[in-house]
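Reading through the C-alpha cells given below for one structure.
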Amino acid sequence: MAYNAEQLTNMSPNMRAWVRFKNNKRGYYSLWIFSILLFTSFFAEVISNDKPLVVYYDHQYYFPLFHNYPETTFGGDFVSETDYNDPYIRDKITQGDNWALYPLNRYNYSSINYFADQPNPAPPSDQNLLGTDDRGRDVLARLIYGFRLSVIFALVLTAIGVVLGILIGSLQGYFAGKVDLIVQRLIEIWASMPELYLLIIFASIFKPSIGLLIVLLSLFGWMGLSDYVRAEFLRGRNLDYVQAARSLGVSNMGIMFKHLLPNSMVPVLTFLPFRISGAILALTSLDYLGLGVPPSTPSLGELLSQGKENIDAWWLSMTTFTVLVGTLVLLIFIGEALREALDTRRG
C-alpha cells in the first residue's frame with residue numbers, strides 16, 4: 001500500500017518505521033519466511049518422528065507420542081518398546097480395520113534406520129529423503145531438530161546478552177566519570193581473555209550441555225552491545241529533557257529506563273538479527289570442533305563434521321550448508337531492512 005506525504009506526516013515514528021520496513025521487500029519477506037520456518041520447527045515432533053501420531057488397533061485408540069507401548073500391545077512378541085518402523089509391526093497395525101497416522105517424516109533425530117538398503121551413510125532414497133548419517137540416523141530429521149535447537153539457542157543467548165549489555169552500558173553512559181572509566185578498563189581486561197581456550201578447559205571439566213554453553217558464551221556476548229548503549233547514554237545524558245527530568249526530582253533509575261533507554265534502542269534493535277546469526281554460527285562452530293552439545297544432540301555443526309569425515313556423502317554437507325547459509329541470509333536481510341527502517345534520515 002502506497003502512502004502520500006500527508007499520511008506519512010500524521011503517522012507515529014514507530015508506524016513510519018514499520019512502513020519503511022515493509023517497503024523493503026527483501027527484508028519483509030525474509031521475516032515472514034524465517035518466522036514460518038521457526039514456527040513450523042516448534043512442531044518438529046509432529047512433523048518428523050518415528051512414532052505414529054495416532055494408532056487405531058483392535059477397536060482402541062493409542063497415542064504413541066505421549067505414551068510408550070510395548071510391542072505386545074500390537075501383536076508383537078516382545079515387551080520392549082515398540083519400533084514402529086519395523087515392517088512386522090507396521091503390517092500388524094495396518095491390517096484389517098487397524099490403521100495408523102504417521103508424521104510426514106517417519107524418523108526422529110535419534111532413530112536409526114535398521115532396514116536401510118545401503119550401508120551408512122546412505123544416500124537419499126524413498127525411506128530417507130535426505131539420506132542418513134554415518135550412524136544410520138535420518139538427515140532430514142536431524143536438520144529439522146537441529147535448526148530449532150540452533151535458533152532457540154541463539155534467541156536465548158541474544159536475550160541474555162541484550163539484558164547484560166543494556167544494563168552495563170547504561171550504567172557506564174549515564175554515570176560516566178569514574179564509573180565509566182573503571183568499568184571500561186574491566187571490560188577491556190575481560191575481553192582479552194581467550195574465549196576459545198576457556199571453552200576447551202570447561203568442556204574437559206564439565207559434561208557438555210546447552211546450559212553450559214549458554215552460560216559461557218553469555219559471559220562474553222554482551223560486550224559489543226554495551227558499547228553502543230554506552231555511547232547513546234553518553235550522548236543523551238546532558239540533553240534538555242534529561243536535565244528537566246532531574247530538576248523535577250525524577251530518580252536516576254527513572255531517567256535511565258523511562259527516558260534515555262527508549263531513545264537508545266535503535267542500535268540494539270538494529271543489531272539483533274546480526275547477533276542472532278552470530279550466535280548460530282558460534283554454536284555451529286563449537287559443535288563442528290566437538291566442543292558444543294553432546295554427540296547425540298541434533299546439531300548443524302555435528303552434521304558438517306560428519307560431512308568432512310565422509311567426503312563421498314555429499315548429502316551430509318550440502319544439505320546442512322544450505323540450511324545454515326539460508327538461515328543466515330534471511331537474518332542478514334532482516335537486519336538490513338531493520339537498519340534502514342530505523343534510520344530517521346530516510347523519508
Establish, from distance only, whether the side-chain atoms of T132 and N120 form a donor-acceptor pair under 3.5 Å. yes
Under 3.5 Å, is there a donor on one side chain and an acceptor on the other for N128 and D138? yes
Search all heavy atoms of [X] against all heavy atoms of [Y] and return the closest pair with its distance.
X    : Y    : value
L53  : P103 : CD2-CG, 4.1 Å
G236 : V242 : O-CG2, 3.2 Å
G173 : L234 : O-CD2, 3.4 Å
A17  : A341 : O-CB, 3.3 Å
I334 : G27  : CG1-O, 3.9 Å
G75  : Y88  : O-OH, 3.6 Å

Heavy atoms from other residues, nucleotides or ligands near [atom1] of [X] exceed 12 (cutoff 6.0 Å):
X    : atom1 : result
M318 : CE    : no
Y241 : OH    : yes
N238 : CG    : yes
W32  : CH2   : no

Report yes if the side chains of [X] and [Y] come closer than 4.5 Å at any heavy-atom pair, otherwise no.
X    : Y    : value
T73  : T82  : no
W190 : M223 : yes
P123 : Q118 : yes
F21  : E340 : no
N113 : F115 : yes
T72  : P70  : yes
Y62  : Y56  : no
Y107 : R142 : no

If you round to the nearest 0.5 Å, how far is [atom2] of [Y] from [atom1] of [X]?
X    : Y    : atom1 : atom2 : result
I93  : Y84  : CD1   : OH    : 7.0 Å
Y109 : S296 : OH    : OG    : 6.5 Å
I152 : L283 : CD1   : CG    : 11.5 Å
S48  : N105 : OG    : CG    : 3.5 Å
L303 : D287 : CG    : CG    : 10.0 Å
L300 : I280 : CG    : CD1   : 8.5 Å

Parallel, tilted or perpendicular: which one describes the rings of F63 and Y61, with boundaries at 30° and 60°? parallel
Keeping [X] on the side-chain end and [Y] on the backbone end, is there a donor-acceptor pair under 3.5 Å?
X    : Y    : answer
N49  : K51  : yes
N98  : Q95  : yes
T158 : A154 : yes
N263 : H259 : yes

Quick check on the hydrophobic clustering: are [X] and [Y] connected, directly or via other members, by side-chain heavy-atom contacts under 4.5 Å?
X    : Y    : answer
L324 : F274 : no
I182 : F175 : no
I33  : V151 : yes
L37  : Y29  : yes
I332 : L157 : no

Can you name the residues that form a salt bridge (Lys or Arg N to Asp or Glu O under 4.0 Å) with [X], not counting sequence neighbours?
X    : value
R148 : E45
E71  : none
R137 : D133, E302
R246 : none

Thinking salt bridges, do D50 and R106 make one under a 4.0 Å N-O criterion? no
Taking 4.0 angstrom as the limit, do R237 and E232 come out as a salt bridge? no
Residues clustered with F78, ILVMFWY side-chain links under 4.5 angstrom: none
Give the intermediate values and the outcome of side-chain contact (heavy atoms from CB on, under 4.5 Å) for residues L130 and W315. CA-CA 7 Å; L130 296 181; W315 54 91; 5.8 Å; no
Going by side-chain hydrogen bond (donor to acceptor under 3.5 Å, both in side chains), name the residues that satisfy it together with N85, two or more places apart in sequence or in a different chain. R90
Applying side-chain hydrogen bond (donor to acceptor under 3.5 Å, both in side chains), can you list everything that pairs with S110, at least two apart in sequence or on another chain? N108
Establish, for the pair R26 and F333, whether the NZ or CZ atom is under 6.0 angstrom from the six-membered ring centre and no further than 45 degrees off its axis. yes
So, using ring pair (Phe, Tyr, Trp, His ring centres under 6.0 Å) as the criterion, who are the partners of W314 when residues are at least two apart? none
Taking ring pair (Phe, Tyr, Trp, His ring centres under 6.0 Å) as the definition, give me every residue that meets it alongside F271, ordered by chain and number, with sequence neighbours left out. Y228
Passes side-chain contact (heavy atoms from CB on, under 4.5 Å), Y69 versus E81? Steps please. CA-CA 6 Å; Y69 300 102; E81 185 178 348; over 6 Å; no
Pair Q184-D227, side-chain contact (heavy atoms from CB on, under 4.5 Å): steps then yes or no: CA-CA 9 Å; Q184 194 64 22; D227 291 338; 4.1 Å; yes
For residues 211-218, which side-chain donor-acceptor pairs fall under 3.5 Å, sequence neighbours excluded?
| from | atom 1 | to | atom 2 | distance (Å) |
| --- | --- | --- | --- | --- |
| S218 | OG | I214 | O | 2.5 |

Between side-chain atoms of residues 160-171 and protein atoms elsewhere (two or more places apart, or another chain), which donor-acceptor pairs fall under 3.5 Å?
| from | atom 1 | to | atom 2 | distance (Å) |
| --- | --- | --- | --- | --- |
| S170 | OG | I166 | O | 2.7 |
| S170 | OG | L167 | O | 2.8 |

Only distances under 3.5 Å count here; give the side-chain donor-acceptor pairs of residues 251-258 to other protein atoms, sequence neighbours excluded, each with its distance to 0.1 Å.
| from | atom 1 | to | atom 2 | distance (Å) |
| --- | --- | --- | --- | --- |
| S251 | OG | G254 | N | 3.2 |
| N252 | OD1 | Y174 | OH | 2.8 |

Where do F39 and F34 land on the side-chain contact (heavy atoms from CB on, under 4.5 Å) test, with the steps shown first? CA-CA 8 Å; F39 180 78; F34 180 79; over 6 Å; no
